[in-house]
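Within every chain, numbering begins at 1; the chains are lettered A, B, ... in the order of the sequence lines, protein sequences first and strands thereafter.
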There are 2 protein chains.
Amino acid sequence: MPANNLAARKRQATKTNDADGNLDYGLLTGLVGYQLRLAQIAVFRDFSETLGGVDITPGLFGVLVVIESNPGLKQTRLAQAVHLDRSSVVSIIDNLERRGLVERQSADRRSNAIFLTNQGMKFLRKVRRLVLAHEKRLIEHLTAKEHKILVALLQKIFPDRR
Amino acid sequence: MPANNLAARKRQATKTNDADGNLDYGLLTGLVGYQLRLAQIAVFRDFSETLGGVDITPGLFGVLVVIESNPGLKQTRLAQAVHLDRSSVVSIIDNLERRGLVERQSADRRSNAIFLTNQGMKFLRKVRRLVLAHEKRLIEHLTAKEHKILVALLQKIFPDRR
DNA sequence: TATTGTTATACTCTATAACTATA
DNA sequence: TATAGTTATAGAGTATAACAATA
């Protein structure tokens, strides 16, 4: 039975597909969920380009900033902050500690307080400069007002978290 | 030397960390890049909840809609559309074909035209209803006007792409 | 020669479950 | 008992490189 519709489908295909190869995105274009997805892809690509030489990702950058802004926080708290399982945070801290950017200091004997090392602070200063350049490029087609509105609207999408 | 700063850091820690455990997100709060990341996480969670029983992800949904809207498109074209490598599309189509949702029809002898099967269309109708419910929940704190503005601003972030 | 699809492979990110040592 | 961190493990998602068949 599916074969029966083939001819009809091919007709529709040539009708729907522009000569220049532009595609139809159907209802996707109007979906916030989909536009977020696309924006995220664009952001990630530009981030990688801007931060080219530096071994960092948006996620790791967020972790470093949260540690910087909350020195001594515990791993579990950090996990909540960045929406990860605490087991996932272990390898992230392992990584950052191996690179000399953060350090675990035992708080009790079962929990760790996490701090940026001096090297980590220095690293973060450099990375922050690049991230801000990246951010600037992200919003280069927005006015200051639009930028403000965009951030506010994004925050409205998930009012319970922070 | 890092140990020298420990006491100072701990003092700062108690100062910075609210008693109720609220964290400081530093400059992250104002970054479009970071807010997009958070929004994306929220979207993905709600998507999974809404689509609970159904074996689908935002990415796969996008693929199905693009195929529906452009019946007969080639795999390479599809890859460009959803910003994936053509090798990645192979396993995606393998998956969807195994489930009887799409079919490869040879166009030449080296390229495939991709179509939704009848079952795929039926599946997509069901999924689309759920995705729209999900989308509705996403924007429930936005007015219609805000919604429109948000989509427009998101599109402005990557004017070259689609 | 260039393109299409494919395979083999490997890497990143993340979660789950089970464990240990503490509190 | 409950909690913090850890380990082992597995799965999803993706890319890169090399290849065969075809244009």
Side-chain angles (χ1 to χ4, degrees), chain A residues 17 21 37-38 40-45 47-49 51-52 54-64 67 70 72-99 102-115, chain B residues 17 21 37-38 40-45 47-49 51-52 54-64 67 70 72-99 102-115:
Chain A
N17 261 306
R37 189 182 166 77
L38 284 189
Q40 184 85 355
I41 291 172
V43 166
F44 198 89
R45 299 228 164 124
F47 188 99
S48 303
E49 280 170 34
L51 282 288
V54 188
D55 186 10
I56 190 82
T57 61
L60 278 186
F61 174 70
V63 166
L64 288 176
I67 296 174
N70 307 273
L73 87 170
K74 310 297 197 316
Q75 292 182 203
T76 298
R77 194 83 189 77
L78 175 58
Q80 293 165 354
V82 296
H83 304 279
L84 291 176
D85 191 85
R86 61 196 206 292
S87 68
S88 303
V89 166
V90 172
S91 31
I92 289 173
I93 300 297
D94 282 351
N95 170 359
L96 295 175
E97 199 169 39
R98 207 179 314 118
R99 293 161 63 185
V102 310
E103 57 184 0
R104 292 170 161 102
Q105 291 280 346
S106 356
D108 330 305
R109 270 190 314 193
R110 75 167 171 183
S111 64
N112 302 325
I114 309 294
F115 296 95
Chain B
N17 261 307
R37 189 181 167 79
L38 284 188
Q40 184 84 355
I41 291 172
V43 166
F44 198 89
R45 299 229 162 121
F47 188 99
S48 303
E49 281 170 34
L51 283 287
V54 189
D55 185 12
I56 191 83
T57 59
L60 278 186
F61 175 69
V63 166
L64 288 176
I67 296 174
N70 307 274
L73 87 172
K74 309 299 196 316
Q75 290 183 205
T76 298
R77 195 81 189 81
L78 175 57
Q80 293 165 353
V82 295
H83 304 279
L84 291 176
D85 190 86
R86 61 194 207 289
S87 68
S88 303
V89 165
V90 172
S91 29
I92 289 172
I93 300 296
D94 282 350
N95 170 359
L96 295 174
E97 197 169 41
R98 208 180 313 119
R99 294 160 64 187
V102 309
E103 57 183 359
R104 292 171 160 103
Q105 291 279 348
S106 358
D108 336 300
R109 271 190 310 192
R110 76 170 171 183
S111 65
N112 302 324
I114 309 296
F115 296 94

**Request:** Quickly work out the Leu73(B) CG to dT4(C) P distance and round it to whole Å.
**Result:** 12 Å
**Message:** Whole angstroms only, please: what is the CD1-P distance between Ile56(B) and dA12(D)?
**Reply:** 14 Å
**Request:** Using side-chain contact (heavy atoms from CB on, under 4.5 Å) as the criterion, list what pairs up with Gln75(B), not counting sequence neighbours.
**Result:** Val89(B), Val90(B), Arg104(B), Asn112(B), Ile114(B)
**Request:** Could you work out which one of dT14(D), dT22(C), dT22(D) sits closest to the side chain of Arg109(B)?
**Result:** dT22(D)
**Message:** At less than 4.0 Å, is any side-chain N or O atom of Ser88(B) found next to OP1 or OP2 of dA15(D)? Yes or no.
**Reply:** yes
**Request:** Work out which heavy atom in Ala107(B) is nearest to a heavy atom in Lys74(B); give both atom names and the distance.
**Result:** CB-CE, 3.6 Å
**Asked** If you check every side-chain atom of Thr57(B), which of dA15(C), dA15(D), dG13(D) has the closest atom?
**Response** dG13(D)
Every protein N/O within reach of nucleotides 5-9 of chain C N/O, cut-off under 3.5 Å:
residue : atom : partner   : partner atom : Å
dG5(C)  : OP1  : Gln75(B)  : N            : 3.2
dG5(C)  : OP1  : Asn112(B) : N            : 3.1
dG5(C)  : OP1  : Asn112(B) : O            : 3.4
dG5(C)  : OP2  : Thr76(B)  : N            : 2.8
dG5(C)  : OP2  : Thr76(B)  : OG1          : 2.5
dG5(C)  : O3'  : Asn112(B) : ND2          : 3.4
dG5(C)  : N7   : Arg86(B)  : NE           : 3.1
dG5(C)  : N7   : Arg86(B)  : NH2          : 3.3
dG5(C)  : O6   : Arg86(B)  : NH2          : 3.1
dT6(C)  : OP1  : Arg104(B) : NE           : 3.4
dT6(C)  : OP2  : Gln75(B)  : OE1          : 3.0
dT6(C)  : OP2  : Gln75(B)  : NE2          : 2.9
dT6(C)  : OP2  : Arg104(B) : NH2          : 3.0

**Prompt:** Hey, are the side chains of His83(B) and Leu38(A) touching, using non-hydrogen atoms and a 4.5 Å cut-off?
**Reply:** yes
**Prompt:** Do the side chain of Thr57(B) and the main chain of Leu60(B) share a donor and acceptor less than 3.5 angstrom apart?
**Reply:** yes
**Item:** Short side-chain donor-acceptor distance under 3.5 Å, Asp85(A) and Ser88(A)
**Value:** no
**Request:** Can you tell me the distance, in whole Å, between the NE2 atom of His83(A) and the C1' atom of dA15(C)?
**Result:** 16 Å
**Item:** Distance, rounded to the nearest Å, where Arg37(A) contributes CZ and dT14(D) contributes C1'
**Value:** 11 Å
**Item:** Length of the line joining Gln80(A):CD and dA4(D):P, which is rounded to integer Å
**Value:** 8 Å
**Request:** Round to the nearest Å and state the distance from Ile92(B) atom CD1 to dT14(D) atom C1'.
**Result:** 9 Å
**Fill in**
Assert: residue with more 5' nearest nucleotide on DNA chain C, out of Asn95(A) and Asp108(A), is Asn95(A)
**Request:** May I have the distance from Ile41(B) (atom CD1) to dC13(C) (atom C1'), rounded to whole angstrom?
**Result:** 12 Å
**Prompt:** Got a donor-acceptor contact below 3.5 angstrom from the Arg99(B) side chain to the Asp55(B) backbone?
**Reply:** yes
**Request:** Apply side-chain contact (heavy atoms from CB on, under 4.5 Å) to Val63(B) and list each qualifying residue two or more places apart in sequence or on a separate chain.
**Result:** Ile67(B), Leu78(B), Val82(B), Ile92(B), Leu96(B)
